[in-house]
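All values below were derived from every heavy atom in this structure, side-chain atoms included, with hydrogens, water molecules and symmetry-related copies excluded. The first residue in the sequence is number 1, and the count goes up from there.
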Amino acid sequence: MMTVKREEKNQMTRRRIMDSALAEFAKQGYGASSVNTICAAQGISKGIIYHYFKTKDDLYLACVEECFQLLTRHIQSCIAGEHESAEKQLEQYFEVRMVFFQEHPVYQPIFCEAVVSPPAHLKGEIQAKKQVFDTLNADILEQILQPLPLRPYITKADVVETFRQFQDFINAKYQTAHMNASDFEMRDESCRKALNILLYGVIDRKEL
C-alpha cells in the first residue's frame, strides 16, 4: 500500500514539474527558459526537479516527447482512413492537427520550436523523439497516394521524400522568429498547399 501511494505521489510530482515546464518552454522557448521560473511556478525546489530530470535538456526533451506522443495518438484516433477520397484525407489531416493545438495550445510553440528551430545541441535527440510522428506522416501520405495513379518513373517514396524537402524549405522561412498562432497557421497552410501542388500540379485541367 505504501509503495502504491509513493508511486502516485511521484507521478503527481512529476506531472507538476511537467506542467510548469511546458508553460515555461511554450512561453520562452528553450533558450530563454529558466529552471528557476519552473520551480517558482509550482513551488518546487531545484533538488526535486533534478531528482526527476537530470538536466534542463532532459526536462525539455520530456516535454517535446509528450507533445509528439499526444499529437500522434490524436491523429491516429481521428483520421477516418482509406474510405475517404485523397482530397478529403488531406483536408482532414490538417484539420485534425489544428484542432489538437486549439485544444492543447501549450504544445503548439513547443511543436514549432522542435520542428522549425530546435536547439542545435539537441537536434538529434529531438529527431528521435519525433520519429513516431514522422513515421505516421509518411504512412498517411502513402495511404493518400494509394488510389492515385502515379507516373511510371515516380514512386511513393519519391513523393514522401519530395514533400519532406518542401517542409524543410517552408520551415526555413519561419526559422528566424518565435512563431505565434498566426505564424503556425500560415506554416500549416503552406504545407497543405505544397502537398496539394505536389499531388495535383498547378494547372487547372478543366481549362485545357
Atom pair [atom1]/[atom2] of [X] and [Y] - distance to nearest 0.5 Å:
{"X": "K27", "Y": "I110", "atom1": "NZ", "atom2": "CD1", "result": "14.0 Å"}
{"X": "K129", "Y": "L122", "atom1": "NZ", "atom2": "CG", "result": "10.5 Å"}
{"X": "R16", "Y": "I48", "atom1": "CZ", "atom2": "CD1", "result": "9.0 Å"}
{"X": "R15", "Y": "Q42", "atom1": "CZ", "atom2": "CD", "result": "10.0 Å"}
{"X": "H104", "Y": "L22", "atom1": "NE2", "atom2": "CG", "result": "12.0 Å"}

[X] (side chain) donor-acceptor with [Y] (main chain) under 3.5 angstrom:
{"X": "N196", "Y": "K193", "result": "no"}
{"X": "E113", "Y": "Y30", "result": "yes"}
{"X": "Q108", "Y": "Q102", "result": "no"}

Item to complete: Indicate the ring-plane relationship of F68 and F133, choosing parallel, tilted or perpendicular according to the 30° and 60° boundaries.
Response: tilted
Item to complete: Begin from the C-alpha positions of K46 and N36 and carry the test side chain to side chain contact (heavy atoms under 4.5 Å, CB included) through to its verdict.
Response: CA-CA 7 Å; K46 275 189 177 181; N36 287 334; 2.6 Å; yes
Discussion item. Looking at D188 and R192, is any side-chain nitrogen of the basic one under 4.0 Å from a carboxylate oxygen of the acidic one?
Written reply: no
Practice prompt. Considering only NZ, NE, NH1 and NH2 on the basic side and carboxylate oxygens on the acidic side, decide whether K54 and D58 come within less than 4.0 Å.
Written response: no
Worksheet item: Taking the six-membered ring of F111, is NZ or CZ of K130 closer than 6.0 Å to its centre and within 45° of its axis?
Response: no
Worksheet item: Minimum heavy-atom separation for F100 to C67, with atom names?
Response: CZ-O, 4.3 Å
Worksheet entry | For the student: nearest non-hydrogen atoms of L90 and L195, plus distance | CD1-CD2, 3.0 Å
Are the side chains of [Y] and [X] in contact, using a 4.5 Å heavy-atom criterion?
{"X": "M18", "Y": "C63", "answer": "yes"}
{"X": "N137", "Y": "R164", "answer": "no"}
{"X": "I144", "Y": "L199", "answer": "yes"}
{"X": "S20", "Y": "I49", "answer": "no"}
{"X": "F25", "Y": "V64", "answer": "no"}
{"X": "L71", "Y": "Y107", "answer": "no"}
{"X": "P118", "Y": "Q127", "answer": "no"}
{"X": "N10", "Y": "Y52", "answer": "yes"}

Worksheet entry | Pair Q146-E142, side-chain donor/acceptor within less than 3.5 Å | no
Discussion item. When you compare the side chains of S34 and K56, does any donor N or O come within less than 3.5 Å of an acceptor on the partner?
Written reply: no
Discussion item. For residues L136 and V115: do they belong to one hydrophobic cluster (side chain heavy atoms under 4.5 Å, members Ile, Leu, Val, Met, Phe, Trp, Tyr)?
Written reply: yes
Fill in: Y93 and its side chain to side chain donor-acceptor pair (under 3.5 Å) partner, picked from R97, E95, E91, Q89
R97
